[in-house]
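Taking it in order: structure first as structure tokens, then the write-up.
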Amino acid sequence: MKKFILIVVMSVISLMTFAQKASGSFKSLAEVGRVSIVVDFSEASIMGMNENDFAEYERDWMKDKTEIVGRFVGSIQRKLGTMVVLDNSLNENERITIQVLVFTHKGDCVCDVILTDKENNELGRISKVGASGGHFGTKLNLIKDGAEHTGSAIGRLLYKLSNKEN
């Protein structure tokens, strides 16, 4: 019984948080079938540094950045399932941009998710989606864990938003 009550309380809190973060419409995700995706670090504060400064501090950043992006995209795709295919083609009708805002020293991540059409008009936005990073390992390992956890949170929200409006 305690477990059931905990699940109900967590669901209500999750829905309240979910409703506060989203604006616009994500309905088209379920209709288009294929969407391009970009992970943008241009406005990121990575452990208090911009991307270029962090790349100087952490020499393996540029080498591991591809894996970090892959963890974001892979986690999102797992949560979306077959509803929509994510790819890096910029020729698609719509694009999801993951605007990374923060990676902390533990790899905790906060980002904005923006859905735009072919003309770059904003269709929907989820602000300040976040998740925890890792518990042990190198700085880059903690960031990779944070990217994977945040990708899962983004995927869940995108799935709910796209199906909520159908």
I need the minimum non-hydrogen distance between [X] and [Y], along with the two atoms involved.
X: Val84; Y: Arg34; value: CG2-N, 3.9 Å
X: Ser75; Y: Ser152; value: CB-N, 3.5 Å
X: Leu80; Y: Gly155; value: CD2-O, 3.8 Å
X: Leu115; Y: Ser25; value: CD2-O, 3.8 Å
X: Gly130; Y: Thr150; value: C-OG1, 4.3 Å

Leu158 vs Ile126, test: side chain to side chain contact (heavy atoms under 4.5 Å, CB included). Steps then yes/no. CA-CA 9 Å; Leu158 289 173; Ile126 308 170; 4.0 Å; yes
Under the salt bridge (charged side-chain N to carboxylate O under 4.0 Å, His left out) test, which residues partner [X], sequence neighbours left out?
X: Asp108; value: none
X: Glu43; value: none
X: Lys128; value: none

Compare all side-chain heavy atoms of Cys111 with those of Ile154 and state whether any distance is below 4.5 angstrom.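 When only atoms from C-beta onward are counted, Ile154 and Cys111 do touch, with a gap below 4.5 Å.
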Let's go through Ile37 and Ile76 carefully: what are the C-alpha distance in whole Å and the side-chain angles of both, what is the deciding distance for side chain to side chain contact (heavy atoms under 4.5 Å, CB included) to 0.1 Å, and is it a yes or a no? CA-CA 10 Å; Ile37 187 164; Ile76 294 168; 3.9 Å; yes
Residues two or more places apart in sequence or in another chain: which of them pass side chain to side chain contact (heavy atoms under 4.5 Å, CB included) with Asn120?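 Asn120 satisfies side chain to side chain contact (heavy atoms under 4.5 Å, CB included) with Arg95, Thr116 only.
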Any residue meeting side chain to side chain contact (heavy atoms under 4.5 Å, CB included) with Glu56, in chain and number order, not counting sequence neighbours: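 Partners of Glu56 under the side chain to side chain contact (heavy atoms under 4.5 Å, CB included) test: none.
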Tell me, yes or no, whether the heavy-atom count around Tyr159 atom OH, taken from other residues, nucleotides or ligands under 6.0 Å, exceeds 12.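 Atom OH in Tyr159 is not packed in, count stays at 12 or less.
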So, the side chain of Thr104 versus the backbone of Lys106: is there a donor-acceptor pair under 3.5 Å, distance only?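 Yes: the side chain of Thr104 pairs with the backbone of Lys106.
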Common cluster, [X]/[Y], ILVMFWY with side-chain heavy-atom separation under 4.5 Å:
X: Phe136; Y: Phe103; value: no
X: Met47; Y: Leu140; value: yes
X: Val32; Y: Met83; value: yes
X: Ile96; Y: Val110; value: no
X: Ile114; Y: Val100; value: no

Step by step, would you call Phe26 with Leu123 a side chain to side chain contact (heavy atoms under 4.5 Å, CB included)? CA-CA 7 Å; Phe26 290 84; Leu123 302 174; over 6 Å; no
Contacts under 3.5 angstrom, residues 63-73 side chains, donor-acceptor by atom type, not counting sequence neighbours:
from: Asp64; atom 1: OD2; to: Lys144; atom 2: NZ; distance (Å): 3.3
from: Lys65; atom 1: NZ; to: Glu51; atom 2: OE2; distance (Å): 2.6
from: Glu67; atom 1: OE1; to: Lys144; atom 2: NZ; distance (Å): 3.1
from: Glu67; atom 1: OE2; to: Arg71; atom 2: NE; distance (Å): 3.4
from: Glu67; atom 1: OE2; to: Arg71; atom 2: NH2; distance (Å): 3.2
from: Arg71; atom 1: NH1; to: Asp145; atom 2: OD1; distance (Å): 3.4
from: Arg71; atom 1: NH1; to: Glu148; atom 2: OE1; distance (Å): 3.3

Applying side chain to side chain contact (heavy atoms under 4.5 Å, CB included) to Tyr57 and Ile46, what does each step give before you reach the verdict? CA-CA 11 Å; Tyr57 171 74; Ile46 306 169; over 6 Å; no
To the nearest 0.5 angstrom, please state how far the [atom1] atom of [X] sits from the [atom2] atom of [Y].
X: Cys109; Y: Leu142; atom1: SG; atom2: CG; result: 12.5 Å
X: Trp61; Y: Asn52; atom1: CH2; atom2: CG; result: 11.0 Å
X: His105; Y: Ile143; atom1: NE2; atom2: CD1; result: 11.5 Å
X: Asn141; Y: His135; atom1: CG; atom2: NE2; result: 11.5 Å

